[in-house]
Amino acid sequence: MSASPENRLILASKSKSRATVLKAAGLSFEQIGSGVDEDALKDALRAEGASVAKQADLLAETKALKVSVSHGGIVLGCDQMLDLDGQGLDKVDTRDAARDVLKRLRGKTHILQSAIVACMDGAPVWRHLSQPRLRVRNFSDAFLEDYLDAIGEAAFESVGCYQVEGRGALLFDRIEGDYFSILGMPLLPLLQWLRDRGVVAT
């Protein structure tokens, strides 16, 4: 189905993994980075006492709104935050920090708050929050060092220092929830909404 101008899709993100999920599902879309200062926004939301889920939702909305005000069509904003006992963990940029994060996650269950918001004409028109739960197994210190050696700088590319679609799967003994949401793109709810709009064939 050829999308009308008002139904053209824009992903307000430079994320390769989110784009890969959409492309694999056969969706046609443009990719435009939002330029939102995520760290500053997270700091402000945390100062206000916003929950991790609310932070993810508002970050997704802000990204979509920023692109939507200057572009037509349907703009998708996404954000994913790691929620460990109510505290949001961020990406890290050193091996020592990655080691610390993984030791904090070891033997515990955390939630990935995966939010998506669609905006049109500078206003949100749809939103969804998925909350997959992942239990990190009680791995050894030796395994941890081998894992960090193996993944290198990939540890800095995602919250939690893992990619479940790769070697990060070795960290877990239980995963509950939607696989696509774990990748940061709640695809199935999005596809249903697009079908309801007539953007995707029913």
Side-chain angles (χ1 to χ4, degrees), residues 11-27 29 31-34 36 38-39 42 52-53 55-57 59-60 63-64 76-85 87-117 128-191:
L11 177 61
S13 167
K14 294 181 179 179
S15 167
K16 292 180 181 179
S17 62
R18 291 188 177 107
T20 297
V21 170
L22 293 180
K23 287 176 184 175
L27 295 180
F29 63 97
Q31 199 167 3
I32 301 173
S34 67
V36 168
E38 296 185 39
D39 290 335
K42 280 190 285 190
V52 181
Q55 292 173 47
D57 177 72
L59 279 161
K63 294 173 189 177
L76 304 175
C78 302
D79 196 80
Q80 183 183 74
M81 297 190 67
L82 192 156
D83 185 341
L84 178 63
D85 300 327
Q87 181 178 0
L89 301 188
D90 297 318
K91 293 179 183 178
V92 298
D93 55 11
T94 68
R95 180 184 174 109
D96 286 345
R99 182 187 297 109
D100 289 343
V101 165
L102 289 166
K103 283 186 174 181
R104 287 186 64 186
L105 297 177
R106 180 165 55 185
K108 296 181 179 179
T109 297
H110 64 268
I111 299 171
L112 290 178
Q113 305 285 3
S114 295
I116 182 169
V117 176
H128 180 83
L129 179 70
S130 291
Q131 299 174 302
R133 298 171 61 86
L134 299 86
R135 178 175 173 81
V136 176
R137 66 184 183 84
N138 194 21
F139 53 76
S140 67
D141 288 345
F143 168 86
L144 175 56
E145 296 306 321
D146 287 345
Y147 171 77
L148 291 172
D149 286 342
I151 67 169
E153 293 187 357
F156 314 143
E157 295 175 2
S158 61
V159 294
C161 309
Y162 61 78
Q163 293 83 35
V164 297
E165 66 273 29
R167 193 176 290 265
L170 296 169
L171 294 168
F172 300 96
D173 57 22
R174 187 168 68 251
I175 292 177
E176 302 171 5
D178 175 58
Y179 176 72
F180 299 112
S181 296
I182 294 170
L183 300 183
M185 172 57 71
L187 180 64
L188 300 183
L190 171 63
L191 290 176

Mind checking what makes side-chain contact (heavy atoms from CB on, under 4.5 Å) contact with Ala154, not counting sequence neighbours? Ile151, Glu157, Gln163
Taking the side chain as C-beta and beyond, is there a heavy-atom pair between Met185 and Leu11 under 4.5 Å? yes
Would a 4.5 Å heavy-atom cut-off, applied to side chains only, mark Leu183 and Thr20 as touching? no
Which residues satisfy the side chain to side chain donor-acceptor pair (under 3.5 Å) test with Gln131, sequence neighbours excluded? Gln113
Does the side chain of Asp83 come within less than 4.5 Å of Leu112's, by heavy atoms? no
Cys161 versus Val92, closest heavy-atom pair with distance: SG-CG2, 3.7 Å
Nearest heavy-atom neighbours spanning Pro132 and Gly177: CB-CA, 4.1 Å
Heavy atoms, side chains only, cut-off 4.5 Å: are Leu190 and His128 in contact? no
Pairwise side-chain contact, Leu105 with Leu171, heavy-atom cut-off 4.5 Å (strictly under): no
Tell me the closest heavy-atom pair linking Val164 and Ala169, and the distance in Å. O-CB, 3.5 Å
How long is the gap from NZ on Lys14 to CD1 on Ile32, to the nearest 0.5 Å? 10.5 Å
Could you tell me which residues satisfy side chain to side chain donor-acceptor pair (under 3.5 Å) with Thr109, sequence neighbours excluded, listed by chain and number? none
Nearest atoms (heavy-atom pairs only) where Pro186 meets Ser130: CB-OG, 3.7 Å
What's the separation between atom CD1 in Ile182 and atom OG in Ser158, rounded to the nearest 0.5 Å? 12.0 Å
Contact summary for Ala155 and Ala98, nearest pair of heavy atoms: CB-CB, 4.2 Å
How are the rings of Phe143 and Tyr147 set to each other: parallel, tilted or perpendicular (split at 30° and 60°)? parallel
Is the centre of the Tyr162 ring less than 6.0 Å from the centre of the His110 ring? yes
Under 4.5 Å between any side-chain heavy atoms of Leu22 and Leu187, yes or no? yes
Enclosure of Arg137 CZ (heavy-atom neighbours >12, cutoff 6.0 Å): yes
Phe139 versus Leu102: any side-chain heavy-atom pair under 4.5 Å? yes
Mind checking what makes side chain to side chain donor-acceptor pair (under 3.5 Å) contact with Asp90, not counting sequence neighbours? Lys42, Arg46
Is the closest basic N to carboxylate O distance between Glu176 and Arg135 below 4.0 Å? no
With a 4.5 Å cut-off on side-chain heavy atoms, are Asp79 and Glu38 touching? yes
With rounding to the nearest 0.5 angstrom, report the CD to CG distance, Glu153 to Asp93. 10.5 Å
Looking at Ser13, is its backbone amide N or carbonyl O close enough to the side chain of Gln31 to form a donor-acceptor pair, meaning the two atoms are under 3.5 Å apart? yes
Any donor-acceptor pair under 3.5 Å from Ser114 side chain to Ser181 backbone: yes
Please, which pairs that meet salt bridge (Lys or Arg N to Asp or Glu O under 4.0 Å) have at least one residue in residues 103-116, sequence neighbours excluded? Arg106-Asp141
Val136 to Phe172 - nearest heavy-atom pair and separation: CG2-CE2, 3.6 Å
With sequence neighbours left out, write down each residue that passes side chain to side chain donor-acceptor pair (under 3.5 Å) with Asp149, or none if nothing qualifies. Arg95
